[in-house]
Amino acid sequence: VFHNRLLRNLLHSLLYMTEKDDFHIQSVKRRVQQIKELYYSIFEQVHCRYSEVIEDLDSSELVREFARNSFYNLERALQGKNLDIIRCEIIDFYQQYNRLSQKEDTRKIVAV
């Protein structure tokens, strides 16, 4: 999940979209939705494939919980329509995503 090139490119483009002072919230919403759908589809693919092989695939909970909380925060910020809060949530999501990509437990799911 954390080493998917398409997902990483979508995140970079989302950051780029919000660098401007006046970005379009609808464009950001569409991009967040794309990222969310891709994230969960990759996660389910990997999880389903390896949950049968590896017992107690518990690091998946960390990956799932990160996504659930992060996408909730992003969606809440988008509903509030405050550009600064949206930008902060996107930066926070990106930083946490990168941090998790370096964590040993979360890399195991991807590496299997």
Side-chain angles (χ1 to χ4, degrees):
V1 172
F2 296 106
H3 299 288
N4 182 283
R5 183 166 279 156
L6 177 58
L7 189 56
R8 192 168 288 279
N9 287 342
L10 287 171
L11 280 170
H12 282 292
S13 70
L14 181 62
L15 279 174
Y16 178 74
M17 290 168 81
T18 58
E19 282 179 353
K20 303 172 191 162
D21 287 336
D22 59 336
F23 55 87
H24 297 286
I25 294 176
Q26 283 303 97
S27 300
V28 172
K29 276 185 181 180
R30 281 193 300 273
R31 185 53 46 95
V32 167
Q33 189 60 34
Q34 288 173 332
I35 292 170
K36 182 178 180 179
E37 289 172 7
L38 182 61
Y39 184 96
Y40 280 117
S41 68
I42 293 168
F43 174 80
E44 287 302 318
Q45 241 180 357
V46 171
H47 185 71
C48 289
R49 185 180 305 153
Y50 297 110
S51 64
E52 297 170 0
V53 178
I54 301 171
E55 291 183 32
D56 300 329
L57 194 61
D58 58 349
S59 60
S60 66
E61 286 305 313
L62 177 65
V63 176
R64 186 179 317 200
E65 196 64 25
F66 158 73
R68 191 172 63 77
N69 290 335
S70 295
F71 288 120
Y72 172 77
N73 290 340
L74 282 170
E75 289 166 358
R76 199 178 75 220
L78 287 165
Q79 288 174 354
K81 299 182 181 184
N82 183 323
L83 299 183
D84 291 329
I85 293 174
I86 293 169
R87 188 177 293 116
C88 286
E89 287 297 335
I90 289 170
I91 291 169
D92 185 54
F93 177 80
Y94 183 76
Q95 289 173 341
Q96 286 184 36
Y97 179 88
N98 284 329
R99 230 178 282 130
L100 284 173
S101 71
Q102 303 302 314
K103 271 187 112 170
E104 185 71 26
D105 289 346
T106 56
R107 285 192 333 206
K108 287 180 184 174
I109 291 178
V110 178
V112 170

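As the structure is a prediction and not an experimental result, all values here were calculated from the model. Scope of the values below: all heavy atoms of this structure, side chains included, with no hydrogens, waters or symmetry mates.
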From [X] [atom1] over to [Y] [atom2], what is the distance, rounded to the nearest 0.5 angstrom?
| X | Y | atom1 | atom2 | answer |
| --- | --- | --- | --- | --- |
| L74 | I35 | CG | CD1 | 8.0 Å |
| S13 | L11 | OG | CG | 7.5 Å |
| R30 | Q26 | CZ | CD | 6.5 Å |

Determine whether [X] and [Y] make a side-chain contact, defined as any pair of heavy atoms from C-beta on separated by less than 4.5 Å.
| X | Y | value |
| --- | --- | --- |
| V28 | I90 | yes |
| L10 | L14 | no |
| R8 | N98 | yes |
| L7 | Y97 | yes |

[X]: what forms a salt bridge (Lys or Arg N to Asp or Glu O under 4.0 Å) with it, not counting sequence neighbours?
| X | result |
| --- | --- |
| R31 | none |
| D21 | none |
| R68 | E65 |

Of all pairs that satisfy ring-ring contact (aromatic ring centres under 6.0 Å, His included), the ones with a partner from residues 15-35, not counting sequence neighbours: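 For residues 15-35: none.
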**Asked** Can you name the nearest heavy-atom pair linking A77 to I85, along with the distance?
**Response**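 Result for this residue pair: CB-CG2, 3.8 Å.
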I need the full list of side chain to side chain donor-acceptor pair (under 3.5 Å) pairs touching residues 71-83, with sequence neighbours left out, sorted by first then second residue.
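For residues 71-83, and leaving out neighbouring residues, the side chain to side chain donor-acceptor pair (under 3.5 Å) pairs sorted by first residue read K36-E75.
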Sequence neighbours excluded - side chain to side chain donor-acceptor pair (under 3.5 Å) pairs with any residue from residues 83-95: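 For residues 83-95, and leaving out neighbouring residues, the side chain to side chain donor-acceptor pair (under 3.5 Å) pairs sorted by first residue read H12-Y94, D84-R87, D92-Q96.
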**Asked** So, does T18 use its side chain to make a donor-acceptor pair with the main chain of L15 at under 3.5 Å?
**Response**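 Answer holds: yes.
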Ring-plane angle category for Y39 and F71, please: parallel below 30°, perpendicular beyond 60°, tilted otherwise.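 Ring orientation, 0 to 90° scale: perpendicular.
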